[in-house]
A.B. asks: 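Starting off with a structure, shown below.
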Amino acid sequence: MNKNDADRRIKQLRNELEYHNERYYTEHRPEISDKVYDELYSELEKLEEQFPDLISPDSPTRRVGGRPIESFEDVRHAVPMMSLSNTYSKEELRKYDIRIRKIVPNERIRYILEPKIDGVAVNLRYERGKFVLGATRGDGETGDNITENLKTLRSIPLSLEVSAKIPDVMEVRGEVFMTGKGFARLNQEREEAGLSVFANPRNAAAGSLKQLDSRIVAKRPLDAVFYSIGELKGIEFETHMNLLEGLEKFGFQTHDKVWICDSINEVLDALDELEELRHDFSFEIDGGVVKVNERSLYDRLGFTAKSPRWAIAYKYEPEQAETTLKDITIQVGRTGVLTPVAELAPVKVAGSTISRATLHNDDEIRRKDIRIGDRVYVEKAGEVIPAVAGVNKDARSGNEKPFKMPDKCPVCGEAVTRREGEVAIRCENLQCPAQIKQWLRYFASRGAMDIEGMGSVLADQLVDRNFIKDISDIYTLSKQDVLQIERMGEKSAQNLMQAIENSKNRDFSRVIFALGIPHVGSRTARTLEEHFADIDELMNAGMEELENIPEIGGIMARSIYNFFRDPRNRKITESLRRAGVNLESKSRPAVKSSKLKGKVFVLTGTLKQLTRESAAEKIRDCGGTVASSVSGNTDYVVAGEKPGSKLDKARKIGIEVLEESRFMKMISDSG
Ligand code: IVH
């Protein structure tokens, strides 16, 4: 691959990973399996290794993942909470062992193998024996302060047991999780109450810990296991085994079974044993963590960009089961996408029974040559969404029927289309009840307008009864309308009306997010709020202006542009305005000067006096725009230290280059 192709692919991978990080860490609604995520991730890692000058500090490979959500206070970790490098291959584990031995030759190395729980990492801080602060990992540097929520867990001691000398400071790290049974019970309760269900125990645990009301957390079946430490004062542990024993003495739950191994061969055997036991645990495990036992070697072993070298995670291949594909049905989503769904003879995979699985799209069906009546392999990749991995072609009788996507929407009957460059087949009818239902659920969801009480059952009924034909109709609903819905009492109706009223004051970025513009997640919505003063500016922005916003790529820009060219979407926006929904930006500082109006800047290299972000902000304050790449439209390239290829390009096409001092003068003169 040449450098240009690599650059393009790297950007694509970063965007995709960012998108899925957000689904996973912030929304707790992953769309792809861990395995697929790990594949994208390792492709990016390899490309960055091959082309080191394309590495950038904000690449997902340099950062740990989630960002703290807004509603909790931030906590800066005293010792960063790093991630683990992981592998699916035993060969890689042998190589890991060889690397370790090379770094610390002549040392006796023993490994500890622990189960790897798929839960939520937390840090608990104890000062003079008292639990004072509990936090999520967040992005590894800064997490959410969830102390009150953690106090509700019985497995978290509020003070250390005094069987040993109490350290001045001790931070204990571990995993909060939900047991399989607890998860099933919780989901059943939620389903009965008409609430959305959690995709898996990990998401249920994460979602529970992010509740703002700790009384709700107290009712969730959460548990925890501890395996690591952060800051320590007044105590030391020589080995990892000592550490685990120490934690237990202080009153923490640790893994019932860990393996001490004298060689990598023993580790591999222990991993097989662990895999055998995999489903006997009350919680889901997705692999094992191998740690060097001698803590005195940790400093010498050091770190990679985001993980310590003294540990590595080994993940099990997702488990598969074989079953019959009885039929393929179609689900119509919020954006009109028709998703083929496999209707399966029920089969047990990774501890739960599966009878439906997504087939993603027509291309996937054809690529895998899946036919109705086939014997198929089903997996719960990363214990997330059940998927059909492939077909057992030897089992074919000849009676299997190839599947054809319908040419009409199965819900509203309108002809479907396939947009250029997309794999999806869509129903473009924005009035399609299936779409309205999904959009309504999405619009009302927590990350969007957060309208409490607007669950999926209610949303469906409001659409079925024609009370809601597009999302803006939420704001013309009357209490009388709502009272006509089955099982809707006076009080719930009143609460719902209040919740709808409250939603009018959400931040502009939430409204942008709730509009459901394809490819626009909550982070992009925030970027847009920063850039545009109100909905009119956003709605009328041209392609070039959108593309010039850093962080907004071509596909996103096109999607936003197209969305607002559709008269139906404009009409909905107008109705929202009429209803009094907030459509103005809070975060964008008013333009302070217009000295740089219309000028397009590109930044490259590191500036001494300003971060890149604040330089961009200054330019925007003066009315200019900042673009991410040099083109004929660029007016100035600002070059800091170690400038990249953008500088070469600017020189080549004759664009004026500003050194930092001249740039500073320019923005202060015009400020
Ligand atoms: S040790 C420097 N041990 O896996 C990181 N992590 O992929 C120290 N995890 O953030 C982590 N079981 O959330 C460790 N026995 C175990 C674990 C474990 C699950 C999670 C943890 C960590 C993630 C890394």
Side-chain angles (χ1 to χ4, degrees), residues 21 24-25 28 30 34-35 37-38 41-42 45 60-61 63-66 77-88 96 111-124 134-141 143-144 146 150 171-178 201-203 205-206 209 222-232 237 240-241 243-244 247-248 252-261 267 270-271 274 277-278 281-293 295 297-299 301-316 382-383:
N21 276 344
Y24 188 89
Y25 289 104
H28 313 299
D34 282 9
K35 174 132 169 90
Y37 181 91
D38 290 341
Y41 190 96
S42 83
E45 248 178 354
T61 57
R63 295 185 302 131
V64 178
H77 300 304
V79 175
M81 290 183 80
M82 301 193 87
S83 173
L84 289 175
S85 50
N86 64 46
T87 174
Y88 289 86
Y96 169 77
Y111 294 108
I112 306 290
L113 171 69
E114 293 169 357
K116 183 173 189 308
I117 299 191
D118 200 12
V120 183
V122 295
N123 182 61
L124 313 178
T136 60
R137 181 170 70 176
D139 65 4
E141 299 283 334
D144 289 330
I146 53 162
L150 288 173
E171 289 187 346
V172 179
R173 293 178 173 177
E175 207 78 0
V176 171
F177 61 89
M178 204 174 271
R202 200 212 85 91
N203 291 303
L209 285 180
L222 296 171
D223 203 343
V225 164
F226 296 90
Y227 48 68
S228 182
I229 44 155
E231 189 178 348
L232 276 190
F237 303 105
H240 185 64
M241 234 13 229
L243 185 158
L244 293 176
L247 291 184
E248 213 167 314
F252 295 94
Q253 181 160 279
T254 54
H255 277 295
D256 286 339
K257 186 161 173 60
V258 301
W259 287 258
I260 308 182
C261 309
V267 171
L271 273 168
L274 175 60
L277 295 174
R278 195 172 164 189
F281 291 97
S282 62
F283 39 79
E284 264 184 23
I285 68 166
D286 58 349
V289 180
V290 181
K291 296 175 179 172
V292 172
N293 191 33
R295 292 177 50 82
L297 300 177
Y298 287 9
D299 277 349
L301 289 170
F303 302 91
T304 65
K306 52 173 224 166
S307 38
R309 279 208 196 81
W310 45 262
I312 184 165
Y314 175 84
K315 294 225 212 163
Y316 297 122
E383 341 302 324

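Atoms within a ligand are numbered from 1 in the order they appear, just like the ligands themselves. Since the structure is predicted, the reported quantities are computational estimates derived from the model, not experimental observations.
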A.B. asks: Any sub-3.5 Å donor-acceptor pair from Thr136's side-chain atoms to Gly143's backbone N or O?
C.D. replies: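 Side chain of Thr136 to backbone of Gly143, a donor-acceptor pair under 3.5 Å: no, none is there.
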A.B. asks: Can you list everything that forms a side chain to side chain contact (heavy atoms under 4.5 Å, CB included) with Leu301? Sequence neighbours excluded, please.
C.D. replies: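 Partners of Leu301 by the side chain to side chain contact (heavy atoms under 4.5 Å, CB included) criterion, ordered by chain and then number, come out as Ile100, Ile103, Val104, Val292, Leu297, Arg309, Trp310.
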A.B. asks: Is it true that Glu114 and His240 share a donor-acceptor pair across their side chains at a distance under 3.5 Å?
C.D. replies: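 Result is yes, a qualifying pair exists.
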A.B. asks: To check you understand the geometry: which heavy-atom pair defines the closest contact between Leu84 and Ala313, and what is its length?
C.D. replies: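 Closest heavy-atom pair between Leu84 and Ala313: CD1-CB, 4.1 Å.
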A.B. asks: What distance do Gln253 atom CD and Asp223 atom CG have between them, rounded to the nearest 0.5 Å?
C.D. replies: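 Going from the CD atom of Gln253 to the CG atom of Asp223 covers 5.0 Å.
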A.B. asks: Decide yes or no for Lys116 and Ile285: does some side-chain heavy atom of the first lie under 4.5 Å from some side-chain heavy atom of the second?
C.D. replies: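 No, every pair of side-chain atoms sits at 4.5 Å or beyond.
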A.B. asks: Run through ligand 1 for me and note each protein residue having a heavy atom under 4.0 Å from it, chain first, then residue number.
C.D. replies: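 Residue list for ligand 1: Met82, Ser83, Leu84, Glu114, Pro115, Lys116, Ile117, Ala121, Arg137, Glu175, Tyr227, Val289, Lys291, Pro308.
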